[in-house]
Amino acid sequence: MRIVFLFVLFLGICLAGFAVYITMQRFGQYEQALARQQRVTVQQLETIQVAVATRDLVYGDVLSQDDVRLVSWPADAQPANIFSATDELFSGDRRVVLRTIDRNEPITKTKITGFGREAGVASRLDEGSRAFAIRVDVASGVSGFLTPSDRVDVFWTGRDRGAAVTRLIIENLSLLAVDQVADEDRNRPIVARTITVRATPEQAAILAQAQTTGRLSLSLRGLGDNSGIGAVEISQDDIVGREEVVAAPEPTKEPVRTILIRRGSGNVEEVRAD
């Protein structure tokens, strides 16, 4: 009886070992097939080299070799204005960060300065644009909540032909700097004294004339709001609801016709003819 029990136990152990062996073989075959499939997928996927940041970079950081590494990137999802080689990125003078770049984010030409240029306002002016400074205070500067890259409408308050008026003079101006701060990622309010905007030469001339003849106020636009407002002008009469009084026309007088009658005695009599 004991011999039968030992034989059955030995047979069970053999069967269990055989099952484990078959299972491991199956798993090995699956892993090999999966590896072959991955190799085929990688070979079919065309990639390019893209320079990415190795750490979080903020406005004003000077880019160094340690801040950049090359990674493989799908060619069909290539970001615009990238660098595909570190030699291209560091072939000139230093590069300075203009906007926040997160770790492993591609470094693009729009987020860093050109060779030898500082991260200042001039590096953000395109051809035909000018930087113009507007004097503001807490009220006219939207209580200090303006940040670079915001867009504003500019209102002028002054006297026009003897009457006090407020008029919208320029719409949708882009801010370049708040006081001496040009960092777009600043998120704390600053009570500014000057706001630097991007303007055309004609707009800069309008702003210069408006500052000397009245007071300028800024109105902050919402993100993505590019709507046109058109002509806006408010006077004191519009505020108090006073309507313009139009003088009634004077009644026209009909001409009076008279007839002169000369009598024989030499007298002349004037008679009105209706």
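Starting from 1, each residue takes its place in the sequence as its number.
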Where the side chain of W156 meets the backbone of L216, is there a donor-acceptor pair that is under 3.5 Å apart? no
Going by atom types only, do R215 and T157 share a side-chain donor-acceptor pair under 3.5 Å? no
Holding to salt bridge (Lys or Arg N to Asp or Glu O under 4.0 Å), I want the full list of residues that pass it with [X], two or more places apart in sequence or in another chain.
X	answer
D150	none
R103	none
D160	R167

So among V97, V50, V68, which one has a side chain to side chain contact (heavy atoms under 4.5 Å, CB included) with I107? V68
About how many Å separate [atom2] of [Y] and [atom1] of [X], when rounded to the nearest 0.5 Å?
X	Y	atom1	atom2	result
D61	T100	CG	OG1	9.0 Å
S217	D137	OG	CG	7.5 Å
R95	L63	CZ	CG	8.5 Å
Q203	R130	CD	CZ	12.0 Å
Q78	T47	CD	OG1	11.5 Å
I134	T196	CD1	OG1	8.5 Å

If you apply the rule side chain to side chain contact (heavy atoms under 4.5 Å, CB included), what do you find for L34 with E31, and how did you get there? CA-CA 5 Å; L34 181 60; E31 289 178 354; 5.7 Å; no
Report yes if some heavy atom in the side chain of [X] is under 4.5 Å from a heavy atom in the side chain of [Y]; otherwise report no.
X	Y	value
V136	L146	no
R159	V165	no
I48	I82	yes
I101	D56	no
T54	D66	no
F83	L70	no
R69	V71	yes

Considering all heavy atoms, the nearest [X]-[Y] contact:
X	Y	answer
A199	A204	CB-N, 4.1 Å
G128	P201	O-CD, 3.5 Å
A131	L176	CB-CD1, 4.0 Å
Q211	A133	NE2-O, 3.8 Å

One thing to verify: whether D102 and R55 come together as a salt bridge, which I'm taking to mean a side-chain N less than 4.0 angstrom from a carboxylate O. no
Identify all side-chain donor-acceptor contacts of residues 222-231 below 3.5 Å with residues at least two apart in sequence or on another chain.
from : atom 1 : to   : atom 2 : distance (Å)
D225 : OD1    : S227 : N      : 3.1
D225 : OD1    : S227 : OG     : 2.7
N226 : OD1    : R151 : NH1    : 3.1

With S219 via side-chain contact (heavy atoms from CB on, under 4.5 Å) - residues at least two apart: D153, F155
Does A77 have any side-chain contact (heavy atoms from CB on, under 4.5 Å) partners at least two apart in sequence or in another chain, and if so, which? W73, P74
Mind running side chain to side chain donor-acceptor pair (under 3.5 Å) on R198 and S174 for me, showing each step along the way? CA-CA 6 Å; R198 181 190 290 110; S174 176; 3.1 Å; yes
Any chance you could lay out the side chain to side chain contact (heavy atoms under 4.5 Å, CB included) test for L207 and I169, step after step, and finish with the verdict? CA-CA 8 Å; L207 293 172; I169 57 174; 4.2 Å; yes
Do you reckon L168 sits in the same ILVMFWY cluster as I170, going by side-chain contacts under 4.5 Å, direct or chained? no
Do L57 and V52 land in one hydrophobic cluster if side-chain heavy atoms of ILVMFWY residues count as linked below 4.5 Å? no
